[in-house]
Amino acid sequence: ALIGEAHAVTDAQIYSHKAGIWQIAEKGTLSRWIVIHNLDEARGSEIFHIEVIGREKGRPSWDIKRIRPHMAVTLEALKRSVIKPLQTGAVYPEPFDDAYATWKKDFDAGKKDVCDTSILECIKGK
């Protein structure tokens, strides 16, 4: 069961939350959040490069699960997915950087993998 519903957020709220960390719906005992890695650049493209992270309730802060090390999402998909801004939850960027480099290579080769529905729909089955 999913706990927490996405709330309507405005473009301005997304762009003004400089930490770029947002809670998304929980799945059972797994808290989940996203980290936006290109907040400033996304203003022009409205394509956000994010990482989806989770942690089981009661686990130490360092014990995280990288649900998706990289995902490209549209502004609308992002707005349909986030619940509230968070101040903490950033992680080391290397797994994101590696996954982003692979995505970029595929994108440049014509594979346009950008989530335009919602983050939860796009991670199903992953």
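As the structure is a prediction and not an experimental result, all values here were calculated from the model.
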Can you measure from [atom1] ([X]) to [atom2] ([Y]) and round to the nearest 0.5 angstrom?
X      : Y      : atom1 : atom2 : result
Leu78  : Ile24  : CG    : CD1   : 10.0 Å
Ser118 : Lys124 : OG    : NZ    : 7.5 Å
Glu56  : Leu30  : CD    : CG    : 5.0 Å

List for me each residue that meets side-chain hydrogen bond (donor to acceptor under 3.5 Å, both in side chains) alongside Thr74, sequence neighbours excluded, and say none if there are none.
none
For Asp98, side-chain hydrogen bond (donor to acceptor under 3.5 Å, both in side chains) partners two or more places apart:
none
Evaluate the side chain to side chain contact (heavy atoms under 4.5 Å, CB included) criterion for residues His70 and Lys104: first the C-alpha distance (whole Å), next the side-chain angles of each, then the deciding distance (0.1 Å), finally the verdict.
CA-CA 11 Å; His70 170 268; Lys104 180 89 172 87; over 6 Å; no
Sorted by first residue and then second, give each disulfide (SG to SG under 2.5 Å) pair with at least one member in residues 23-121; sequence neighbours left out.
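Qualifying pairs: Cys115-Cys122.
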Salt bridge (Lys or Arg N to Asp or Glu O under 4.0 Å) partners for Lys112, two or more places apart
none
List in chain and number order the residues that pass salt bridge (Lys or Arg N to Asp or Glu O under 4.0 Å) with Glu76, two or more places apart in sequence or in another chain; answer none if no residue qualifies.
Lys79
According to the side chain to side chain donor-acceptor pair (under 3.5 Å) rule, which pairs have a member within residues 34-46, sequence neighbours left out?
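Listed by first then second residue: His37-Glu51.
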When you look at Arg32 and Lys27, which way does the side chain to side chain contact (heavy atoms under 4.5 Å, CB included) test go after all the steps?
CA-CA 8 Å; Arg32 299 186 292 188; Lys27 184 175 184 182; 3.7 Å; yes
Donor-acceptor contact below 3.5 Å, side chain Tyr15 vs main chain Ala42
yes
Can you check whether Val82 reaches Ile14 side chain to side chain, under 4.5 Å on heavy atoms?
yes
Would you mind reporting whether Gln13 and Pro85 have side-chain heavy atoms less than 4.5 Å apart?
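Sidechains of Gln13 and Pro85: no contact.
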Show your reasoning for whether side chain to side chain contact (heavy atoms under 4.5 Å, CB included) applies to Ile119 and Trp22.
CA-CA 12 Å; Ile119 293 168; Trp22 291 83; over 6 Å; no
Residue pair Ile36 / Leu39: nearest heavy atoms and the distance that separates them:
CG2-N, 3.7 Å
Work out which heavy atom in Arg55 is nearest to a heavy atom in Pro60; give both atom names and the distance.
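Shortest heavy-atom contact: CD-O, 3.1 Å.
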State which residues pass side chain to side chain contact (heavy atoms under 4.5 Å, CB included) with [X]; sequence neighbours excluded, sorted by chain then number.
X      : value
Lys65  : Ile67
Ser16  : none
Asp106 : Thr102, Lys111
Glu94  : Tyr92

Ile83 and Val9: CA distance, side-chain angles, deciding distance, side chain to side chain contact (heavy atoms under 4.5 Å, CB included) verdict
CA-CA 8 Å; Ile83 295 173; Val9 297; over 6 Å; no
Could you list the cluster mates of Leu86? Members are the ILVMFWY residues connected by side-chain heavy atoms closer than 4.5 Å, either directly or through other members.
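For the cluster that includes Leu86, the remaining residues are Ile21, Trp33, Val35, Ile53, Ile64, Val91.
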For Ile47, the other hydrophobic cluster members (4.5 Å side-chain criterion, sorted by chain and number) are Phe96, Tyr100, Trp103, Phe107, Val114
Run the salt bridge (Lys or Arg N to Asp or Glu O under 4.0 Å) test on Glu121 and Arg80 for me, step by step, so that the C-alpha distance in whole Å, both residues' side-chain angles and the decisive distance to 0.1 Å come before the verdict.
CA-CA 11 Å; Glu121 289 178 73; Arg80 280 194 282 273; 5.9 Å; no
